[in-house]
Amino acid sequence: MNQFQDVFNEFSQLHNQKYNLSEILSFLDSKCANNYFDRDVYQQLIDQIPQAQIQQQCTINQLINVFKKAQDVLNDKISKCQEIIDQKNIEIRAYNDKIRQSQTNSINSSSKLNVEILDAEILYQGNGQLQISLECMSSVVYTQLTKRQKPVWNETFDFNVNEQTVMKFILLDTELQQKRGNGGVAYIDINTFGDQMLHDFTVNLTDETNQIIRAKLHLKIQWIYSKNKYLQDLINENMIQINQLEQEINDHIVDLDIINSPFKQAIKFQNNLTISTYQTQPNQQQQQQQSTLLISENQIDRLVQISLLLIILYLVFGLLNSMYRTLNFDFLVLFYCFLFYQKNYKLQSLLHIKIIMVMLGVALLMDIIWLAIYSTPYLGEFNANYDHLEYGLQKYQIILSWLLLFVKIIVLIFYVHIYATYPDKSTQVYDQQWNAIFGWKDIKQINVYRNYN
């Protein structure tokens with residue numbers, strides 16, 4: 001607000017006095033770098049001041065309030081668009097991880113059809129109760145019986161299907177069944193849903209002649225025949241939305257720059273920084289690509305594979321030490337590590353990396369305490385109070401314990417290096433679980449497959 005007041009003080013310090021709109025416009029022109037303030041924007045601002053258009057006059061304070069409101073609205077729109085873009089990028093990362101997992105695990109997805117029967121509008125007279133019969137492939141399923149007035153089911157059914165599948169919907173009426181009739185029939189070819197998207201629509205149920213519509217059935221249907229293609233389509237859809245949002249941000253930035261053009265010399269540094277940040281930054285995807293250039297995911301995966309070799313070395317020294325020491329916690333750490341590598345020879349989750357680092361830190365602390373207590377009597381010269389054999393075995397145990405400690409330190413440093421060099425940790429979808437569990441940040445759950453499990 002002060003920035004606007006300082007500039008308008010050059011026009012007049014009597015901000016509650018009314019001035020001609022043409023005089024104010026001439027002043028704004030003089031404050032712009034090109035000596036021209038956009039007329040369309042100026043007209044939109046004046047339209048928000050009551051009676052200003054009719055009287056062709058307004059006060060400076062009224063105009064300042066309109067400028068400030070317009071600036072706040074545009075900044076808010078930019079911020080919301082950017083939040084949506086960030087969320088879309090997180091979703092894209094989730095879909096890419098799912099695709100990578102399916103390729104890694106060599107998953108051959110079956111063709112699955114999801115049908116949700118919601119409600120119906122009945123167009124004929126009667127008093128019987130209603131239910132829907134659905135025939136698909138060799139299966140026949142039924143909804144629950146419901147009342148005739150505004151029938152609602154909200155029931156979901158899953159089927160394994162092929163490209164020749166045709167669904168048959170029959171409206172069963174307890175009153176008509178006594179006469180061996182039904183309330184209407186509809187046939188739907190599964191290829192109608194070949195785009196793998198969720199379809200929300202109404203289908204007409206007709207009589208035997210297929211001419212009279214007896215009811216309208218509300219359905220939600222989704223056919224998934226390729227997980228990877230479905231996920232790739234979602235990625236493409238999100239990319240299109242991101243591009244649209246980025247264009248919307250650019251439009252808002254242009255409007256914001258026009259509004260601020262007479263006040264650029266007076267606007268504080270942080271406001272200029274806000275605008276320039278959006279103007280100079282590339283889109284979010286380019287930023288991710290640039291950060292990925294620092295270290296690629298393939299390099300990260302190679303580091304994880306090397307860390308597996310270090311874990312095996314950790315196991316070897318742990319087994320040697322177990323002949324003399326009880327290492328329950330160390331074997332718990334090793335079990336968790338191997339459980340992680342059994343499913344992920346590539347880095348699929350930073351959450352597991354964090355847990356492993358914490359467990360290794362605790363194991364290091366326990367080793368340091370043990371060595372501080374037990375190593376002192378056996379590292380000096382031979383003490384006659386000890387048997388030679390016992391003394392040799394104890395000294396061998398201390399040496400192995402120090403080697404085990406050294407291996408743990410190397411493994412922990414390696415995991416810290418993996419985590420520190422991972423690009424764009426904020427959009428690592430599995431890493432969000434950590435924040436969600438401990439309540440550090442509100443995380444929106446991502447429904448990767450919508451109606452498909």
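Nothing fancy with the numbering, it's 1 onward along the sequence.
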Asks: Roughly how far, to the nearest 0.5 Å, is the OG atom of S261 from the CG atom of N34?
Replies: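 Result: 7.5 Å between the selected atoms.
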Asks: Can you confirm whether the side chains of D207 and T209 place a donor and an acceptor under 3.5 Å from each other?
Replies: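 A pair is found: one side chain offers a donor N or O, the other an acceptor, under 3.5 Å apart.
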Asks: What are the two closest non-hydrogen atoms of L234 and M197, and how far apart are they?
Replies: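 Smallest heavy-atom distance, with atoms named: CD2-CE, 4.1 Å.
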Asks: Would you say the side-chain atoms of D38 pair up with the backbone N or O of V41, donor to acceptor, closer than 3.5 Å?
Replies: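 Pair found, side chain donor or acceptor close to backbone of V41.
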Asks: Tell me the closest heavy-atom pair linking D173 and G128, and the distance in Å.
Replies: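 The pair with the smallest heavy-atom distance is OD1-CA, 3.4 Å.
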Asks: Using a strict 4.0 Å threshold on nitrogen-to-oxygen distance, state whether D119 and K150 make a salt bridge.
Replies: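 Judged by the 4.0 Å cut-off on N to carboxylate O distance, D119 and K150 do not form a salt bridge.
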Asks: Is the side chain of N250 donor-acceptor paired with the backbone N or O of E246 at a distance under 3.5 Å, no angle test?
Replies: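 Between the backbone of E246 and the side chain of N250 there is a qualifying donor-acceptor contact (under 3.5 Å).
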Asks: Looking only at the side chains, is there a donor atom on one of N154 and E116 sitting less than 3.5 Å from an acceptor on the other?
Replies: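 Side-chain D/A pair, N154 to E116: absent.
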Asks: Return yes if a side-chain donor-acceptor contact under 3.5 Å exists between N75 and H252, otherwise no.
Replies: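 N75 vs H252: no donor-acceptor pair found between side chains.
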Asks: D47 side chain to Q53 main-chain N or O, any donor-acceptor pair under 3.5 Å?
Replies: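 Not at all, since once roles are kept as given, no pair shorter than 3.5 Å links the two residues.
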Asks: W223 versus N114: any side-chain heavy-atom pair under 4.5 Å?
Replies: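 A side-chain contact is absent here, since even the closest heavy-atom pair is not under 4.5 Å.
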Asks: Side chains of T146 and W153: is there a donor and an acceptor less than 3.5 Å apart?
Replies: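 No pair is found: no donor N or O on one side chain lies under 3.5 Å from an acceptor on the other.
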Asks: Would you call the rings of F67 and F37 parallel, tilted or perpendicular if under 30° counts as parallel and over 60° as perpendicular?
Replies: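 Ring orientation, 0 to 90° scale: tilted.
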Asks: Does one side chain, of N238 or E91, offer a donor that lies under 3.5 Å from an acceptor on the other?
Replies: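 Judged by distance alone, the side chains do pair up.
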Asks: For R148 and Q125, work out which heavy atoms get closest and say how close.
Replies: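 In this case the closest contact between R148 and Q125 is NH2-C, 3.2 Å.
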Asks: State, without any angle test, whether S12 and Y19 hold a side-chain donor-acceptor pair at a distance under 3.5 Å.
Replies: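 Side-chain D/A pair, S12 to Y19: present.
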Asks: Side-chain contact, heavy-atom cut-off 4.5 Å: I122 with L130?
Replies: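 A side-chain contact exists here, since the closest heavy-atom pair is under 4.5 Å.
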Asks: Contact between I46 and L21 at the side-chain level, heavy atoms closer than 4.5 Å - yes or no?
Replies: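 When only atoms from C-beta onward are counted, L21 and I46 do touch, with a gap below 4.5 Å.
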Asks: Ignoring hydrogens, what is the shortest heavy-atom contact between Y42 and I24? Give both atom names and the distance.
Replies: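 Where Y42 meets I24 most closely, the heavy atoms are OH-CB, 3.8 Å.
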Asks: So does D29 pair up with R39, basic N to acidic O under 4.0 Å?
Replies: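 Yes, this pair counts.
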Asks: Atom CD in Q17, atom CG in L14: separation rounded to 0.5 Å?
Replies: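 One finds 5.0 Å between CD of Q17 and CG of L14.
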Asks: If you look at every heavy atom in Q241 and K88, which pair is closest and at what distance?
Replies: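 Looking at all heavy atoms of both residues, the closest pair is OE1-NZ, 2.6 Å.
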Asks: Rounded to the nearest 0.5 Å, how far apart are CD1 of I92 and CD1 of I85?
Replies: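 Nearest 0.5 Å value for the CD1-CD1 distance: 10.5 Å.
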Asks: Would R100 and D97 pass as an ion pair if we require N to O under 4.0 Å?
Replies: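 Result for this pair is yes, salt bridge flagged.
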Asks: Taking all heavy atoms of S30 and all of N35, pick out the closest pair and write down the distance.
Replies: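 Taking S30 first and N35 second, the nearest heavy atoms are O-OD1, 3.9 Å.
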Asks: Go through the side-chain N and O atoms of N162 and T165 and say whether any donor and acceptor fall under 3.5 Å apart.
Replies: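 Result is yes, a qualifying pair exists.
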Asks: Show, in sequence, the C-alpha distance, side-chain angles and deciding distance for I90 and D86, and conclude whether the side chain to side chain contact (heavy atoms under 4.5 Å, CB included) test is met.
Replies: CA-CA 6 Å; I90 292 176; D86 293 340; 5.6 Å; no
Asks: Tell me whether the count of non-hydrogen atoms from other residues, nucleotides or ligands lying under 6.0 Å of CD in E135 goes above 12.
Replies: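 Enclosed: over 12 neighbouring heavy atoms sit under 6.0 Å from CD of E135.
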Asks: Between K147 and Q129, do the side chains contain an N or O donor and an N or O acceptor separated by less than 3.5 Å?
Replies: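 Short answer, no.
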Asks: Answer whether the closest heavy-atom distance between the side chains of Y225 and L113 falls below 4.5 Å.
Replies: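 SC-SC contact between Y225 and L113 ruled out.
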Asks: Quick one: CZ on R214 to CG on L123, what's the gap to the nearest 0.5 Å?
Replies: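 The distance works out to 9.5 Å.
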Asks: Please verify the inter-ring angle class for F27 with F8; under 30° counts as parallel, over 60° as perpendicular, anything in between as tilted.
Replies: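 It falls in the tilted class, 30° to 60°.
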Asks: Measuring from atom CD1 of I413 to atom CE of M357, what distance do you get when rounded to the nearest 0.5 angstrom?
Replies: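 CE of M357 is found 12.5 Å from CD1 of I413.
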Asks: Side chains of K18 and Q55: is there a donor and an acceptor less than 3.5 Å apart?
Replies: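 Distance-only check passes for K18 and Q55.
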Asks: A side-chain contact here means heavy atoms from C-beta on lying under 4.5 Å apart; do L245 and I84 qualify?
Replies: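 Yes. Closest side-chain heavy atoms under 4.5 Å.
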Asks: Counting C-beta onward and ignoring hydrogens, is there a side-chain heavy-atom pair between Y314 and D330 closer than 4.5 Å?
Replies: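 With C-beta onward as the side chain, the pair touches.
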Asks: Run E10 and K31 through salt bridge (charged side-chain N to carboxylate O under 4.0 Å, His left out) and show every step you take.
Replies: CA-CA 10 Å; E10 299 178 22; K31 299 303 294 182; 2.8 Å; yes
Asks: How long is the span from the CD1 atom in I78 to the CG atom in L256, to the nearest 0.5 Å?
Replies: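 CG of L256 is found 5.5 Å from CD1 of I78.
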Asks: Do K220 and L118 have side-chain heavy atoms sitting under 4.5 Å apart?
Replies: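 The answer is yes; the side chains approach within 4.5 Å.
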Asks: Contact between I213 and L205 at the side-chain level, heavy atoms closer than 4.5 Å - yes or no?
Replies: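 I213 vs L205: side chains apart.
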Asks: Hey, does the side chain of D76 reach the backbone of D72 with a donor-acceptor pair shorter than 3.5 angstrom?
Replies: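 Here the side-chain-to-backbone pair does not exist.
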